[in-house]
Structure formats: C-alpha cells, structure tokens
Amino acid sequence: MTRTLYYLPILMVSLWTFQACGDANLVVPEDYRELYIGTYDCTKSNRSFEDDMFTTDIVVEVSLDSLSDNSVIVNNLTFPIDENGQFGPMALEENSLYELDLSNDRLRYSSKGFIPNGIILPCYIKGVKRE
C-alpha cells in the first residue's frame, strides 16, 4: 500500500504534464488557399506546356473566392481546389475542360474548349509566383 501511495504523486504529475502539453500544441488551421494567392508571371501557349518559342507573356492574378471555403478565382473563373492547390481535369463550363495546379509557388493552367466539327482550342499557361 505504501508503494502505491509513493507512485501516486508521480503518476498525477505526469498526467497533468501530458495534459498541459497537449493543449499547448493545438494549432488553429489557416485557410490553405492563402498559400496560392498572389500574382504569377506566366507564359501562354496554344501548343503545349513545353512550348517556349510561340508564347505570350501574361500576368495571372489568383484571389480568394469569398463565397466559398475551397475555391480561388483565376482569370475570372472560380476553381474549387484541394489542399495541394490542384483542380481537375474537369469541366467548369459546357464544352470546356480545365486543369489547374498551384503547387510549389508555380502555376500550371490548361483549358481545352471544344467547338462543333471536332475542333479543340487549347490554352496552356505556366509561370512562377512573384515574391
């Protein structure tokens, strides 16, 4: 019995310490979309992501969609993105297929619009986030 009473205060202090440490480590999660918000210096091609010859320099703004908790706005289109900053490939509009990747401070965006007679109008945008 005396041995049990000897270990009881040690056990109580240990439990109290673990409980206190557990509360101190709680982190309130931020909005994951904030990692991807900003201005990206990009190039646009109608051939592929690898095309570096026939490109146009453009600036792309990525902003939060205040009406949702998982979407960003890119070029006036709203994309629901996951925690890795990715969307698609998926249709957002009729006869169009979109894909978006905002990971590692880089932007990769593609769209393919389908029009009658089987014609596809592709667009490939890639770039890096300004600091």
Side-chain angles (χ1 to χ4, degrees):
M1 177 78 172
T2 57
R3 269 191 165 199
T4 307
L5 291 176
Y6 175 75
Y7 289 112
L8 186 61
I10 294 171
L11 179 64
M12 297 287 285
V13 169
S14 297
L15 290 174
W16 179 75
T17 302
F18 288 129
Q19 182 183 8
C21 290
D23 291 340
N25 291 331
L26 288 178
V27 177
V28 177
E30 293 182 18
D31 187 344
Y32 67 90
R33 300 173 299 163
E34 291 179 10
L35 293 171
Y36 312 113
I37 302 309
T39 303
Y40 293 78
D41 293 315
C42 301
T43 58
K44 175 183 173 182
S45 170
N46 291 7
R47 296 173 176 240
S48 71
F49 284 119
E50 290 74 29
D51 178 23
D52 290 324
M53 184 174 268
F54 300 101
T55 62
T56 303
D57 292 335
I58 64 169
V59 174
V60 175
E61 293 289 334
V62 178
S63 59
L64 284 177
D65 176 17
S66 62
L67 301 177
S68 80
D69 59 355
N70 69 340
S71 297
V72 294
I73 300 171
V74 180
N75 287 353
N76 296 322
L77 284 174
T78 302
F79 292 91
I81 60 171
D82 62 19
E83 291 181 359
N84 298 317
Q86 298 176 343
F87 169 82
M90 193 179 301
L92 282 177
E93 301 171 334
E94 187 177 337
N95 298 323
S96 294
L97 188 65
Y98 293 91
E99 188 167 3
L100 177 66
D101 183 355
L102 296 169
S103 57
N104 300 320
D105 288 337
R106 299 196 178 277
L107 178 140
R108 285 177 64 94
Y109 168 85
S110 67
S111 66
K112 295 176 179 89
F114 303 96
I115 58 176
N117 299 326
I119 298 172
I120 300 173
L121 302 173
C123 176
Y124 301 93
I125 298 173
K126 65 180 180 178
V128 294
K129 189 175 183 181
R130 288 185 186 170
E131 295 197 26

Inset, instruction - Considering non-hydrogen atoms only, spot the tightest contact between K129 and G38 and give its length. - result: CE-CA, 4.2 Å

Inset, instruction - Specify the closest pair of heavy atoms between K126 and D52, including all atoms of both residues, with the distance to one decimal. - result: NZ-OD1, 3.2 Å

Inset, instruction - May I ask you to test the S103-N84 pair for a side-chain heavy-atom distance under 4.5 Å? - result: no

Inset, instruction - Drop me the distance from D101's CG to D82's CG, to the nearest 0.5 angstrom. - result: 9.0 Å

Inset, instruction - Supply the atom-to-atom distance Q86 CD to R108 CZ, rounded to the nearest 0.5 angstrom. - result: 11.0 Å

Inset, instruction - Under 4.5 Å between side-chain heavy atoms, chaining through other members, with only Ile, Leu, Val, Met, Phe, Trp and Tyr counted: pull out the rest of the cluster around L102, sorted by chain and number. - result: Y32, L35, Y36, I37, Y40, I58, V60, V62, L64, V72, V74, L77, F79, I81, F87, M90, L92, Y98, L100, L107, Y109, I125

Inset, instruction - List the atom of K112, the atom of I120, and the distance in Å for their closest heavy-atom pair. - result: CB-CG2, 4.1 Å

Inset, instruction - Rounded to the nearest 0.5 Å, what's the gap from CD1 on I73 to OG1 on T78? Could you check? - result: 4.5 Å

Legend entry - Minimum-distance pair of heavy atoms, taken over all atoms of G113 and S96: CA-OG, 4.0 Å

Legend entry - Nearest-0.5 Å distance that lies between atom OG in S63 and atom CG in N76: 8.5 Å

Legend entry - ring pair (Phe, Tyr, Trp, His ring centres under 6.0 Å) involving F49 - partner list, sequence neighbours excluded: Y124

Legend entry - Rounded distance [0.5 Å steps], OG in S45 versus CD in E50: 9.5 Å

Inset, instruction - First locate atom NZ of K44, then atom CG of D57, and finally report the distance between them rounded to the nearest 0.5 Å. - result: 12.0 Å

Inset, instruction - Determine the minimum heavy-atom distance between V128 and R106, stating which atoms define it. - result: CG1-NH1, 2.6 Å

Inset, instruction - Identify the two heavy atoms, one from R33 and one from S68, that lie closest to each other, and give their separation to 0.1 Å. - result: NH1-O, 3.3 Å

